[in-house]
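Below is one structure, written out as structure tokens; comments come after it.
Residues: numbered from 1 along the sequence shown.
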Amino acid sequence: MKSSSLRHTSIERLEFRIALSAGDFDNTFSSDGRAQITFPGLDFSVVDTAIAPSGRIIVAGTRGDNVAVARLLSDGSLDVTFGNGGLFETPGGYAVRGVDVELNADERVIVGLSTDVTGNDGVLVARLAVDGQGLDPTFGTNGITNVSILHYHSTRDVIATRDGKILVAGNAADGDILVVRYTSNGSLDAIVNGSPPDTAFSGDGQVRIGWGGDKDSVQSINIDHTGTPASNPYYGYISVVGGKYALSTSNDRFVVMRLTPNGGMDTAFDGDGVLTSPNLSTSPIEFATSVTHMPGGKTVVAGYAGNADPNARNFLVARYNPNGTPDATFGAGGIFEYGFAPSKAIAYSITTGFRGGLLVAGEKAGTLAMIALTKAGQLDTRFSGDGILTTTEPLIATGLDVTLDQIAPARKIVVAGGSGRVARLIDVGSSINFENVSPEMNEGTGQSATFRVSRTEALDLPETILIGTSGSMTISGSGRDFNATNMLFGNGVTTSTQVVIPAGASSVQVTFTPINDTLAEGDEFLTLSVSDALTYDAGPTRQASFVLRDNDIFGGPTVTGSGFQYDTYPQSATISFDRNVQSSFTIGDLVVTGPGATPPAYSLNYSLVTNTGTVVFYNGLTDGDYTVRVKGSGVTYGGTPMAADYTFGFFFLKADANHDRAVNFDDLLTLAQNYGQTGKTFSQGNIDYSADGLVGFDDLLLLAQRYGTSLAATAPQTSGVKRRAKVVDVLQ
């Protein structure tokens, strides 16, 4: 119900992570991204969740009539140092309505409590001791605010402010709503002994207002902390949302109230600070459940649209300008609606994500469902492939929180609800790509290589992109082969190789300028790869290769490496040279022999960037040993041929996943370890080269058919040069 209000700073976490994508369950949390909290005895009914700056996760709800709060470590295990084996529990007949964590060194937990059926009065908040061993005796009366506000019987949400105060919203028995602010000691934040009015909240610590319906219902409260007080004129403004409806529940509408930081009605918002939103959909029922904020003083509200049939409801999201009008730049005229037909879909919680878009969580017929939206209110396809996540997880996401840059581990989503259910997923991050690559440097002409490192969109913070390097170029130190602008080449131990995309920019250009030395090194190569990191995703063009042409080398060309690419289809072999021989190296310079009287059919491709020829066996290969000979007389440079022919050998055995020349139990074990997974290679059990990359029954069937097949123990040997270690080695 509550959305995150944590600060978005420019701190970058450069910790490496397992290569998961946005919308995936985080397998560093409880091994598969899901946790079931159980304690002996009563069921733990979860209402809300919050993430502490340390990364620990607070989950609050009830066990029977008792208030129950559990704390998890960032890996999903119970924090046994908290409460009694991870659980705080106290009797009292209260219903938990929300939870938050104070942003202080103690990370004290606050819980919003609804008054009980016996008639106890007050919009109540409890604060726990630091260790969860009981209530905090320095807060309110014995740990609970006890300021009596007659006839207010239903707290709905609670949030900690950044200056140590607490805001709580609730419903009154007479249909009005109430917003209360407490000080850090649990007293009403009111004018005391003539203190300045602007330091108090609405003079007496509370705001009461009726929305004009037969029954008003507040559901969520949030504070606008986008940007900074200097950049955002609405910084600290408070939004409260809910519904206004007749007892027939046939004309529910989103209702949004906007307050100034000290409790005054923001009359610039729809004239009086209270907006009953016009019809947002074609449905008769539109009910708001959660609220968050986006830059520019914009308020975003989530809930559901539908009719009296509870199984005919859709997610509904609306964004409003600072004056309360629908924001036409969002979705379709300020509205985004999505239905998970044919099942019931209700959005219970919304928040801004790690990179400023929106995350909406709720349920689809009792199972976890989420959508991710861009800043413009469109489905963000970086999340779960299409912006939509449906699961079979029996989790009704009444609680949602996200980690931002201030919290470790960063870029995570936590959802909680139902019977002790908690899950953590990966949040949307920037997608990082190499673009506009001009790959060739030349010592003789001084020609530079250029490229851009780009991210999905410009952000209000700088972003450090970690870069992996491989190849023969010397990239740092006194003997480096080129100078670089906008890229730092580290030593891999104390300093990372990295590029920083500046705040406000979506990309940065990098230039490599060659150093003209007098060394006869031959053409040299460099491959850059976007490294997986905690704060972003590596995009589809995550790799770029570069070549440095040497002007100090003479004589005939030589082969620098060769190999067979087992994990491609069609299969292929590669031959790399010390310089560019594209103009002379043709298919006629190759002789390929293998099992049987007929040579395999092949074609020849050549890469100028890597000086590599690729022999593609486009009809596939049969089992056996093969030899490739490059005719030295035909491959020349400056009119001078290679000194001698070059020969290398390899083998192919279908279903031999581990390349040991036999289809046996080891291959079956490899297949079993990867069974059911996608994106796997031949060496990982995808031995039938299925187009979808799934290791499945087809692979198992092929392996079973070929089980026991083997090749002789010897294979042709490579002559003329030692093969590069980075090429797949098949000569076992």
Side-chain angles (χ1 to χ4, degrees), residues 10-17 19 355 382 429-517 519 521-551 580 607-612 726:
S10 60
I11 299 171
E12 288 298 325
R13 311 286 180 184
L14 299 182
E15 172 186 351
F16 286 96
R17 66 178 174 89
R355 285 295 177 245
R382 290 172 290 175
S430 301
S431 181
I432 306 298
N433 291 287
F434 291 121
E435 295 181 343
N436 303 328
V437 178
S438 178
E440 188 169 342
M441 292 179 273
N442 192 302
E443 285 189 17
T445 64
Q447 177 182 347
S448 297
T450 58
F451 63 101
R452 300 194 74 85
V453 181
S454 69
R455 58 184 173 185
T456 315
E457 56 192 333
L459 300 173
D460 59 359
L461 73 163
E463 190 164 22
T464 299
I465 311 304
L466 305 181
I467 307 294
T469 62
S470 63
S472 56
M473 287 190 210
T474 302
I475 59 179
S476 62
S478 59
R480 65 184 183 275
D481 288 314
F482 60 89
N483 293 316
T485 60
N486 295 327
M487 176 175 276
L488 170 68
F489 284 96
N491 59 19
V493 178
T494 59
T495 305
S496 301
T497 295
Q498 57 190 242
V499 169
V500 177
I501 303 177
S506 59
S507 67
V508 62
Q509 177 156 312
V510 180
T511 300
F512 294 159
T513 303
I515 297 172
N516 190 359
D517 57 30
L519 301 175
E521 301 167 302
D523 291 354
E524 296 181 277
F525 309 97
L526 174 67
T527 297
L528 303 180
S529 300
V530 178
S531 300
D532 288 313
L534 198 63
T535 56
Y536 58 78
D537 286 316
T541 54
R542 63 181 297 172
Q543 200 168 78
S545 295
F546 302 86
V547 60
L548 175 59
R549 305 293 183 198
D550 187 6
N551 64 340
N580 178 17
S607 169
L608 281 170
V609 177
T610 61
N611 287 347
T612 298
K726 291 182 180 177

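For S438, the side chain to side chain contact (heavy atoms under 4.5 Å, CB included) criterion is met by T450, not counting sequence neighbours. By the side chain to side chain contact (heavy atoms under 4.5 Å, CB included) test, V508 is found to be paired with V453, N486, V499, I501, P502, residues two or more places apart in sequence or in another chain being considered. Annotation: ring pair (Phe, Tyr, Trp, His ring centres under 6.0 Å) contacts of F482 (sequence neighbours excluded): F489, F512. Under the salt bridge (charged side-chain N to carboxylate O under 4.0 Å, His left out) criterion, E440 pairs with R549, sequence neighbours left out. Under the side chain to side chain contact (heavy atoms under 4.5 Å, CB included) criterion, T541 pairs with N433, sequence neighbours left out.
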request  = Assess whether side chain to side chain contact (heavy atoms under 4.5 Å, CB included) is satisfied between I467 and F434, documenting all intermediate values.
outcome  = CA-CA 11 Å; I467 307 294; F434 291 121; 4.1 Å; yes
query = Could you go step by step and tell me if D481 and E521 meet the side chain to side chain contact (heavy atoms under 4.5 Å, CB included) rule?
reply = CA-CA 10 Å; D481 288 314; E521 301 167 302; 3.7 Å; yes
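With hydrogens and angles ignored, the 3.5 Å screen pairs no side-chain donor or acceptor of T612 with any backbone N or O of S607. A donor-acceptor pair is defined here as one N or O able to donate and one able to accept, closer than 3.5 Å; no such pair exists between the side chain of D523 and the backbone of V547. Not a single donor-acceptor pair under 3.5 Å links the side chain of S448 to the backbone N or O of T511.
Applying the side-chain contact (heavy atoms from CB on, under 4.5 Å) test between F451 and each of Q509, E435, M487 identifies M487 as the sole match.
Salt bridge D537/R355: absent, no basic N to carboxylate O contact under 4.0 Å.
One distance of note links CG of N516 with CG of N442; it measures 8.5 Å at 0.5 Å rounding. Between T469 atom OG1 and L528 atom CG the span is 7.0 Å, to the nearest 0.5 Å. Interatomic distance, OG of S470 versus CD1 of I475, reported as 9.5 Å (0.5 Å rounding). In this structure, CG in N580 is found 13.0 Å from CG in D550, a value given to the nearest 0.5 Å. Annotation: the span from L466 atom CG to S529 atom OG amounts to 12.5 Å, rounded to 0.5 Å.
Using modelled atom types, one finds no donor on one side chain facing an acceptor on the other under 3.5 Å when comparing S431 with T456.
The minimum heavy-atom distance linking A449 with F546 is given by the pair CB-CD2, 3.9 Å. Residues V609 and P439 share a closest heavy-atom pair of CG2-CG, 3.8 Å. The minimum heavy-atom distance linking S472 with E524 is given by the pair O-OE2, 3.1 Å. In plain terms, the two heavy atoms of N551 and E443 that are nearest each other are OD1-OE1, 3.0 Å. Of all heavy-atom pairs between S531 and G468, the closest is OG-N, 3.3 Å. Minimum heavy-atom separation, G490 to T497: N-OG1, 3.1 Å.
Every pair passing salt bridge (Lys or Arg N to Asp or Glu O under 4.0 Å) that includes a residue from residues 448-458 is listed here, sequence neighbours excluded: R382-E457, R455-E463.
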